[in-house]
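In this text, all values refer to a predicted model and were calculated from it rather than measured experimentally. Excluded from the calculations below are hydrogen atoms, water molecules and symmetry mates; all remaining heavy atoms, backbone and side chain alike, are included.
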Amino acid sequence: MDNALTMESCDKTEPIDILTDARHGTRKNARQTDVICIGNKTKKVVSYKVITCDDDRVAQRHETIGTKRIYEELESKNVHIRKHAHDNNASITKYVRENHTQTINQLDNWHALKQLEKSLKTIAQGPRRTKGIQWHPELEDKPHAVRTHAYYCLMNCDADADKLKAMLLNCVQHYKGVHTDCAIMSRCRRQENYEPRHQKLQDEVSIRLLTKAVEDSVIYKKADLFIYNMSTAHVESFNNSLNVVHDKRITFGMQAYKMRTALAVGYWNDSKDVFTKAVWKYFVEQLNK
C-alpha cells in the first residue's frame, strides 16, 4: 500500500483522488466491516480499515468510522485528498464537508444512474387503471435511453453544475422533437432528415412525468456532487473479490478475518492487471492450505 500511495501521489507531493466503500462481513448484524480506499489514478488500494463490533455495535456506522480513520492515516503520512467519491453515504458527505473543506465531495455515478433508470421504469409501465396518470405508453422506450443521456451529460458538463442540470432537462426537449440545445455533433443536429429511434413525446402527461422524474433524480438535485463524473466501480470489484477470500455465509474469527483481508489487498495491488477467476481460485487454494 505504501508503494501504491507513492505511485498515486507522485512521491506524496500532490493531493490524490480516492474512492471508498464498505463491505460487511456477513449479511445481517455484521461483526466486521471492511472499509476500502482505492486511488483513482492507479486503481490500487492505498488504505483500508477493518471495523468491528468492538468499535461500534451498529454495523451501519462502521463505514463512517473507517473513513475517518483512513483520513487520519493519510494525514499522518502528509497525503492530502483532492476529490473523494463514495456511494451517497450521508454521514460521510457531512463528515467531509464539515471537517475537510479542502476536499471536493463527489458521489458515485453508477448508483445514481441505476436509481434514475429504476425510477423511469415506474412511469413507463404499469396497470391499466393508472395509464395516463402515473405512467404513459410514450415513455416505454425511454428508461435506458435517458440513462445513457444522463451519462453523456456527466461526461460533458465541464464540471459545471448548472450546465449539468440544463443538459439533463434537455432530454425532454429532444424527445419532443426540439433539438435547439442538443450537441452540435448529434445526429439530430447534423442530419436534415433525422428520424428519431424513440417514440416522440406529444402528450402533456408524458412530458410532465419525464420532467418530474429527471428533476427528482439525485443527479439533478445534487448536481454539484456529480460534476467530476467519478465512479467507485473498482471498489465494488474489490469488494466482490473479497467474497472469495471470506464468504459472507461463513463466520471467521477476528484474526483470520483481518489476515484474509490483508492478503487480498496485497494480492490486488500486486496483480490488478491480471485479475482473473482462475488466479483467484489458485490464491484461495493456497490460502486454505
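Side-chain contact between His84 and Gln106: absent, with no pair of heavy atoms (C-beta onward) separated by less than 4.5 Å. Between Leu139 and Leu120, the closest side-chain pair of non-hydrogen atoms is not below 4.5 Å. The shortest distance between side-chain heavy atoms of Tyr71 and Val96 falls below 4.5 Å. Using a 4.5 Å heavy-atom threshold, the side chains of Asn109 and Met230 count as separate. Counting heavy atoms from C-beta outward, Ile38 and Thr232 have side chains that stay 4.5 Å or more apart. Annotation: side chain of Met254 is in contact with side chain of Gln32 (closest heavy-atom distance under 4.5 Å). Side-chain contact between Leu154 and Leu113 is present, with heavy atoms from C-beta onward closer than 4.5 Å. For the pair Glu140 and Gln199, the minimum side-chain heavy-atom distance is 4.5 Å or more.
A distance of 9.0 Å separates CG of Asp21 from CD1 of Ile36, quoted to the nearest 0.5 Å. Gln115 CD to Lys118 NZ: the interatomic distance, rounded to the nearest 0.5 Å, is 8.0 Å. In this structure, the separation between CD1 on Ile123 and NZ on Lys142 is 10.0 Å, given to the nearest 0.5 Å. Note that the CE atom of Met1 and the OG atom of Ser47 stand 5.5 Å from one another [nearest 0.5 Å]. For the atom pair Thr6 OG1 and Lys77 NZ, the distance stands at 9.0 Å (nearest 0.5 Å). A distance of 9.0 Å separates CD1 in Ile70 from CD in Glu63, rounded to the nearest 0.5 Å.
A donor-acceptor distance shorter than 3.5 angstrom exists from the side chain of Thr122 to the backbone of Ser119, with no hydrogens or angles considered. Remark: side-chain polar atoms of Thr130 are not paired, donor with acceptor, to backbone N or O of Gly126 under 3.5 angstrom. One N or O on the side chain of Ser241 and one on the backbone of Phe238 form a donor-acceptor pair closer than 3.5 Å. The backbone N or O of Asp54 lies less than 3.5 Å from a partner atom in the side chain of Thr52, making a donor-acceptor pair. Here the side chain of Thr211 pairs a donor or acceptor atom with the backbone of Ile207 at under 3.5 angstrom. Trp135 contributes no side-chain N or O that, together with a main-chain N or O of Arg128, makes up a donor-acceptor pair within less than 3.5 Å. Ser231 places no side-chain N or O within 3.5 Å of a backbone atom of Asp108 that could act as its donor or acceptor partner. Proximity of a side-chain donor or acceptor of Asn156 to a complementary backbone N or O of Tyr152 within less than 3.5 Å is detected. Arg82 places no side-chain N or O within 3.5 Å of a backbone atom of Ile104 that could act as its donor or acceptor partner.
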Go through the steps to decide whether Asn243 and Arg23 satisfy the test side-chain hydrogen bond (donor to acceptor under 3.5 Å, both in side chains), and finish with yes or no. CA-CA 10 Å; Asn243 292 330; Arg23 173 194 176 274; 2.9 Å; yes
For His86 and Thr93: C-alpha separation, side-chain torsions, deciding distance, then whether side chain to side chain contact (heavy atoms under 4.5 Å, CB included) applies. CA-CA 9 Å; His86 54 90; Thr93 301; 3.0 Å; yes
Show your working on side chain to side chain contact (heavy atoms under 4.5 Å, CB included) between Val245 and Leu263 and close with a plain yes or no. CA-CA 9 Å; Val245 183; Leu263 287 172; 5.8 Å; no
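Taking both residues in full, the closest heavy atoms of Ile227 and Asp224 are given as CG1-O, 3.6 Å, listed atom of the first, atom of the second, then distance. In terms of heavy-atom proximity, Ala59 sits nearest to Ala30 at CB-O, 4.0 Å. Closest non-hydrogen pair, Val45 versus Ala4, comes out as O-CB, 3.7 Å. Taking both residues in full, the closest heavy atoms of Tyr95 and His100 are given as OH-NE2, 3.0 Å, listed atom of the first, atom of the second, then distance. Of all the heavy atoms in Asp17 and Glu8, the pair that sits closest is O-OE2, 3.8 Å. Pairing each heavy atom of Asn239 with each of Ala22, the nearest pair is ND2-O, 3.9 Å.
Around the NZ atom of Lys41, the shell of radius 6.0 Å holds more than 12 heavy atoms that belong to other residues, nucleotides or ligands. Taking a 6.0 Å sphere around CD of Glu195, one finds it holds 12 or fewer heavy atoms contributed by other residues, nucleotides or ligands. Heavy-atom neighbours of Asn29 CG from other residues, nucleotides or ligands within 6.0 Å: at or below the threshold of 12. Within 6.0 Å of atom CD in Gln255, 12 or fewer heavy atoms from other residues, nucleotides or ligands are found, so the atom counts as exposed in its surroundings. For Lys222, the NZ atom counts as loosely surrounded, since its 6.0 Å shell holds 12 or fewer non-hydrogen atoms of other residues, nucleotides or ligands.
One hydrophobic cluster, built from ILVMFWY side chains closer than 4.5 Å, cannot hold both Leu19 and Trp110; they sit in different ones. Taken together through direct or relayed side-chain contacts under 4.5 Å among Ile, Leu, Val, Met, Phe, Trp and Tyr, Ile250 and Leu242 form part of one hydrophobic cluster. Linking ILVMFWY residues whenever their side-chain heavy atoms come closer than 4.5 Å, directly or via other members, places Leu210 and Val218 in the same cluster. Neither Ile92 nor Val58 shares a network with the other; the hydrophobic side chains, linked directly or stepwise wherever heavy atoms of I, L, V, M, F, W or Y lie under 4.5 Å apart, form separate groups for each.
For the ring pair (Phe, Tyr, Trp, His ring centres under 6.0 Å) condition, no pair includes a residue of residues 24-53, sequence neighbours left out. Sorted by first and then second residue, the pairs that involve residues 244-255 and meet salt bridge (charged side-chain N to carboxylate O under 4.0 Å, His left out), not counting sequence neighbours, are Asp247-Arg249. Sequence neighbours left out, not one pair with a member in residues 205-225 passes ring pair (Phe, Tyr, Trp, His ring centres under 6.0 Å).
In this view, His144 and Glu117, Thr148 satisfy the side chain to side chain contact (heavy atoms under 4.5 Å, CB included) rule, not counting sequence neighbours. In this view, Gln191 and Arg187, Tyr194 satisfy the side chain to side chain contact (heavy atoms under 4.5 Å, CB included) rule, not counting sequence neighbours. In this structure, the side chain to side chain contact (heavy atoms under 4.5 Å, CB included) partners of Lys221, at least two apart in sequence or on a different chain, are Asp216. Here Asn3 pairs with nothing under the side-chain hydrogen bond (donor to acceptor under 3.5 Å, both in side chains) rule; sequence neighbours left out. Legend: residues meeting salt bridge (Lys or Arg N to Asp or Glu O under 4.0 Å) with Lys163, ordered by chain and number and at least two apart, are Asp158. Taking Ile65 as the reference, Ile51, Asp56, Arg69 meet the side chain to side chain contact (heavy atoms under 4.5 Å, CB included) condition, with sequence neighbours excluded. Evaluation of the salt bridge (Lys or Arg N to Asp or Glu O under 4.0 Å) rule for Asp203 yields no partner, not counting sequence neighbours. Listed by chain and residue number, nothing satisfies the salt bridge (Lys or Arg N to Asp or Glu O under 4.0 Å) test with Arg31 (two or more places apart in sequence, or in another chain).
Lys49 pairs in a side-chain hydrogen bond (donor to acceptor under 3.5 Å, both in side chains) with only one of the listed residues (Glu73, Glu72, His62), which is Glu73.
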With a 3.5 Å cut-off and sequence neighbours excluded, list the donor-acceptor pairs that the side chains of residues 167-180 form with protein atoms.
| from | atom 1 | to | atom 2 | distance (Å) |
| --- | --- | --- | --- | --- |
| His174 | ND1 | His179 | ND1 | 3.2 |

